[in-house]
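Remember, it's a predicted structure, so these values are computed and weren't measured experimentally. Every number for a ligand or one of its atoms is a count from 1 in the order of the listing. Both backbone and side-chain heavy atoms feed into the values below; hydrogens, waters and symmetry mates do not.
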Amino acid sequence: MKTRITELLGIEYPIIQGGMAWVAEYHLAAAVSEAGGLGIIGAGGAPASFVREQIQKTKELTQKPFGVNVMLMNPEADDIARVIVEEGVKVVTTGAGNPGKYMAMWKEAGIKVIPVVASVGLAKMMERAGADAVVAEGTESGGHIGAATTMTLVPQVVDAVNIPVIAAGGIADGRGFAAAIMLGAEAVQMGTRFVVAKESIVHENYKKKVIAAKDIDSEVTGMTHGHPVRQIRNNMTREYLKLEKAGAPFEELEHLTLGALRKAVVEGDVVNGTLMAGQIAGLVKQEQTCAEMIQEIMQDAKKLLKI
Ligand code: TUI
């Protein structure tokens with residue numbers, strides 16, 4: 001299936017993997033790229049040296065294009081932005097902020113820049129700044145989220161910009177893919193389904209929680225201090241929301257979450273760790289390889305779209 005995104009990125013299928021902190025490391029990124037999508041290394045809150053290593057390890061596993069996601073609240077974002085250029089990475093996505101200050105450097109290096117946006121306003125600003133495409137990410141997503149739903153955000157962004165739009169948030173199968181195409185998107189970005197990929201290094205306990213999750217099993221923490229994060233309900237979210245409701249200061253809440261994502265992904269602490277996942281977790285039923293996931297999605301979507 002050809003779209004402006006498959007042409008822009010030189011990939012076979014218009015499916016890109018979300019740049020999930022801790023989860024999107026080189027095994028997963030290489031597996032998605034090898035399967036014909038675009039794998040992405042999620043820099044998250046990691047130091048620049050770690051990101052460089054991840055890029056080098058990905059290159060050892062695949063010759064195909066892959067990208068790096070820069071989480072813009074990372075204190076080392078400036079260094080990571082430079083490492084991406086030095087290592088010859090072809091595609092960058094960004095999250096949790098405005099990547100405007102890196103745009104000139106990345107464009108000059110010939111990098112395809114794809115900011116993740118949660119509003120029409122930022123999408124237009126990114127197009128003016130020279131972005132090659134945008135990911136329009138709805139509030140159904142896991143992790144740090146905006147307010148608009150995928151169903152409302154994607155067509156509004158499609159109408160507002162001329163660059164291609166990638167839909168994200170609540171997409172995990174061929175039906176979601178086909179729906180995104182109907183909304184005018186030219187690719188999808190998926191996170192939650194790839195969390196349970198066979199090639200994903202996420203702790204088995206975390207994967208089991210995603211697979212067991214039902215439609216209404218996620219909570220949004222951090223709404224009151226402007227950093228809403230969607231994650232699967234557990235002891236952690238109950239404690240957090242109780243404190244948040246009681247008006248606890250940001251510092252106290254931050255202390256609670258500090259290292260909690262690592263605790264869940266690496267140690268498998270599903271009680272007090274942060275289990276970031278989207279609302280579509282209820283649809284994710286089994287561990288499969290990235291290739292199996294992508295083939296299944298494309299086959300189902302092609303039938304629905306009659307292409
Ligand atoms: O960035 C994401 N998802 C993420 S980042 C992340 S790491 C994290 N962990 C704990 C707390 C906070 C972050 C986990 N998941 N998705 C893309 C995204 N970007 N969603 C929303 C936004 C966004 C929000 C506001 C982008 C820009 C923005 O404002 C731009 C401005 O004007 O500064």
Residue portion contacting ligand 1 (non-hydrogen atoms closer than 4.0 Å) for Thr257: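 Under 4.0 Å from ligand 1, Thr257 contributes no heavy atoms.
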Which of the atoms in ligand 1, numbered in the order shown and given with their element, are less than 4.0 Å from a heavy-atom of [X]?
X      : value
Gly95  : 1 (O), 17 (C)
Met276 : 9 (N), 14 (C)
Glu137 : 16 (N), 17 (C), 18 (C), 20 (N)
Gly97  : 26 (C), 27 (C), 30 (C)
Gly143 : 14 (C), 15 (N)
Met71  : 5 (S), 7 (S)

Identify the protein heavy atom lying closest to [atom], giving its residue, its atom name and the separation to 0.1 Å.
atom                    : answer
atom 15 (N) of ligand 1 : His144 N, 2.8 Å
atom 19 (N) of ligand 1 : Ala96 N, 3.1 Å
atom 33 (O) of ligand 1 : Asn98 N, 4.0 Å
atom 11 (C) of ligand 1 : Val229 CG2, 3.7 Å

Check: Gly278 main-chain N/O paired with Arg230 side-chain donor or acceptor under 3.5 Å: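 Not confirmed, Arg230 side chain does not pair with Gly278 backbone.
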Salt bridge present between Asp173 and Arg193 (N-O < 4.0 angstrom):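 Arg193 and Asp173: not salt-bridged.
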Cationic N near anionic O, under 4.0 Å, Lys57 to Glu25: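 Salt bridge flag = no for Glu25 with Lys57.
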Point-to-point distance, once rounded to the nearest 0.5 Å, from [atom1] of [X] to [atom2] of [Y]:
X      : Y      : atom1 : atom2 : value
His225 : Leu253 : NE2   : CG    : 5.0 Å
Phe177 : Leu305 : CZ    : CG    : 7.0 Å
Ser119 : Met126 : OG    : CE    : 9.5 Å

ILVMFWY cluster, Ile181 and Val188 together (side-chain gap under 4.5 Å):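 Hydrophobic grouping puts Ile181 with Val188.
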Short N or O distance, Met73 and ligand 1, threshold 3.5 Å exclusive: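 N/O-N/O distance under 3.5 Å: no.
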Donor-acceptor pair between Glu87 and Gln56 side chains, under 3.5 angstrom: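 Short answer, yes.
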